[in-house]
Amino acid sequence: MTVQLENRSIVITGVADPQGIGFGTARVLAQKGARLTLVDISEQVHDRRDDLLHEGFDVRAATVDLTVHSDVSEMIDQTQRDAGAIDGLVNLAGIAARAKKGDDVDFDVPLLATTSIDSWERTIAINLTTQFNCVRAVLPHMIERRYGRIVNFSSVTGPVGAIAGLGAYAAAKAGVVGLTKSIALENGQFGITANAIAPGYINTAALTPGMHIGGENTPLRRSGEPYEIGALVGFLAAEESSYVTAQLITIDGGNMIQEYKGPGELVL
C-alpha cells in the first residue's frame with residue numbers, strides 16, 4: 001500500500017535540527033505530497049523550510065514558544081487561514097535534559113531525589129504541555145471539518161522502560177500516552193484519530209556514544225534512521241490509517257523485547 005498525503009495540510013513541530021527526527025519526518029511527509037507548516041522555537045526552522053523549498057516542496061515555517069498557549073493558538077489560527085485547513089498535527093517537539101560527563105551522558109545525575117522543582121516543571125512543560133497546547137488549539141478546527149490526524153511523540157522511556165536520571169522526562173512521555181488516549185476517546189466521533197509513537201535509539205545528532213552502542217545491541221544491530229520514523233508518521237497522518245487510534249506504537253528495532261541486557265557475546 002502506497003500512502004499518499006497529496007494536498008493534506010500538516011503542522012509539524014520540532015523541526016530545527018537538520019539531523020533530527022523532525023526534519024527527517026518532514027521530508028518524508030513532503031515527499032508524500034503534504035503541504036507543511038514547520039514549527040520550532042529556534043530560528044533555524046526557517047533554514048529547514050528553505051531546505052525543503054529548494055527541493056520543490058510546499059512549506060511554510062513559524063517560530064513559536066510552544067509552552068505559551070496564546071502564542072500556539074495564534075500560530076494555529078494563522079496556519080488555518082493561510083492553508084485553508086489543518087488536516088494533521090505531528091507533535092514532535094521535546095527534549096530530554098541530561099547532565100553531561102565528557103562526551104556522554106551521566107545518567108546518575110539528577111536522580112528524582114535531587115531533581116529541582118524548576119527542572120521538573122520545565123521538563124514537563126517542554127515534553128507534555130507543548131503537545132497539549134498544540135492539540136488544544138487545533139482540535140476546534142478539526143472538529144468543525146470532521147477530520148483530523150494527530151500524531152504525538154512519546155518515547156520508550158516512560159511508557160515502556162526507564163533510565164535513571166530521566167525521571168521527569170519519563171513522566172512527561174508517559175503523560176503523552178494518557179493525553180493521546182483521551183484525545184482519541186473524545187474526538188473519534190468527529191473523524192479524528194490520535195496515536196503516539198515511542199522511538200528507541202535513532203541516529204540523530206543527539207545520539208551519544210553510549211546510545212550508539214545501545215543501538216548496535218538491538219535485535220537489528222543498529223540504530224534507527226529519522227526517515228524510518230517519518231514513514232510511520234506518514235501512515236498515521238494519512239486517510240489509510242482511519243481505523244487506527246489510541247495506540248502507542250514502539251519503533252525501536254525490537255530493543256525493548258530483550259530480557260537479557262548483558263554483553264552480547266555471552267550465552268545464557
Side-chain angles (χ1 to χ4, degrees), residues 1-15 21-22 24-26 28-39 66 72-73 75-77 79-80 83-94 127-156 158-160 172-199 226-252:
M1 177 178 62
T2 301
V3 175
Q4 294 297 326
L5 295 168
E6 289 293 337
N7 296 318
R8 288 298 188 185
S9 173
I10 297 177
V11 175
I12 176 170
T13 71
V15 199
I21 294 175
T25 296
V28 171
L29 299 181
Q31 290 170 343
K32 293 181 180 296
R35 296 180 291 120
L36 299 179
T37 300
L38 314 181
V39 182
L66 296 173
V72 174
S73 182
M75 178 273 294
I76 290 292
D77 289 346
T79 299
Q80 172 77 16
I86 298 177
D87 299 298
L89 168 66
V90 181
N91 269 320
L92 232 158
N127 292 286
L128 179 57
T129 304
T130 53
Q131 300 202 30
F132 167 76
N133 285 342
C134 290
V135 168
R136 177 64 182 82
V138 82
L139 273 176
H141 299 292
M142 290 182 172
I143 290 171
E144 182 178 0
R145 296 185 62 238
R146 296 298 193 269
Y147 181 87
R149 297 285 183 268
I150 295 174
V151 182
N152 294 328
F153 266 74
S154 181
S155 172
V156 293
V160 185
K173 290 303 187 180
V176 169
V177 179
L179 174 67
T180 302
K181 291 180 182 295
S182 296
I183 297 164
L185 177 64
E186 295 176 357
N187 297 282
Q189 61 187 309
F190 304 118
I192 298 168
T193 65
N195 293 284
I197 293 176
Y227 76 86
E228 294 176 301
I229 305 293
L232 176 57
V233 174
F235 170 69
L236 294 176
E239 291 184 51
E240 289 86 344
S241 65
S242 55
Y243 207 57
V244 180
T245 196
Q247 301 305 302
L248 173 67
I249 302 175
T250 299
I251 179 167
D252 72 341

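Owing to the predicted nature of the structure, the values given are computational and were not obtained by experimental measurement.
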side-chain contact (heavy atoms from CB on, under 4.5 Å) with Ile150: of Leu236, Leu139, Leu179, only one passes, and it is Leu139
Distance from Ile183 atom CD1 to Gln131 atom CD, nearest 0.5 Å?
-> 8.0 Å
Could you check Ile10, Val11, Val138, Val39 and say which one makes a side-chain contact (heavy atoms from CB on, under 4.5 Å) with Thr79?
-> Val11
From Arg149 atom CZ to Ile86 atom CD1, the distance as rounded to the nearest 0.5 Å | 15.0 Å
Exam field: side chain Ser241 to backbone Ala238, donor-acceptor pair closer than 3.5 Å | yes
Identify the two heavy atoms, one from Leu128 and one from Gly175, that lie closest to each other, and give their separation to 0.1 Å.
-> CD1-C, 3.7 Å
Quick one: CZ on Arg145 to CD1 on Ile192, what's the gap to the nearest 0.5 Å?
-> 10.0 Å
Heavy-atom nearest pair, Ala172 first then Asn127, reads CB-CB, 3.6 Å
Work out which heavy atom in Leu248 is nearest to a heavy atom in Ser154; give both atom names and the distance.
-> CD1-CB, 4.0 Å
For Thr193 and Ser242, which heavy atoms make the closest approach, and how far apart are they?
-> CG2-O, 3.8 Å
Look up atom NZ in Lys32 and atom CD in Gln4, then write down how far apart they are to the nearest 0.5 Å.
-> 6.5 Å
Flag, side chain of Asn195 to backbone of Gln247, donor-acceptor distance under 3.5 Å = yes
Got more than 12 heavy atoms from elsewhere within 6.0 Å of CD, Glu144?
-> no
Quick one: do Arg8 and Glu239 satisfy salt bridge (Lys or Arg N to Asp or Glu O under 4.0 Å)? Show the steps, please.
-> CA-CA 10 Å; Arg8 288 298 188 185; Glu239 291 184 51; 2.6 Å; yes
May I have the step-by-step check of side-chain contact (heavy atoms from CB on, under 4.5 Å) for Val28 and Val233, ending in yes or no?
-> CA-CA 9 Å; Val28 171; Val233 174; over 6 Å; no
Return yes if some donor-acceptor pair links the side-chain N/O of Ser9 with the main-chain N/O of Ala85 below 3.5 Å, else return no.
-> yes
Please name the residue in the list Asn91, Val90, Thr13, Thr180 that meets the side-chain contact (heavy atoms from CB on, under 4.5 Å) test with Phe153.
-> Val90
Just how far is it from atom CG of Leu66 to atom SG of Cys134, taken to the nearest 0.5 Å?
-> 4.5 Å
Kindly give the heavy-atom pair with the smallest separation between Lys173 and Pro159, and that separation in Å.
-> O-CG, 3.7 Å
Between Met142 and Leu89, the two heavy atoms sitting closest are CE-N, 4.0 Å
With side chains defined as the heavy atoms from C-beta onward, is the minimum distance between Asn152 and Ile197 less than 4.5 Å?
-> no
Supply the atom-to-atom distance Leu92 CG to Leu38 CG, rounded to the nearest 0.5 angstrom.
-> 11.5 Å
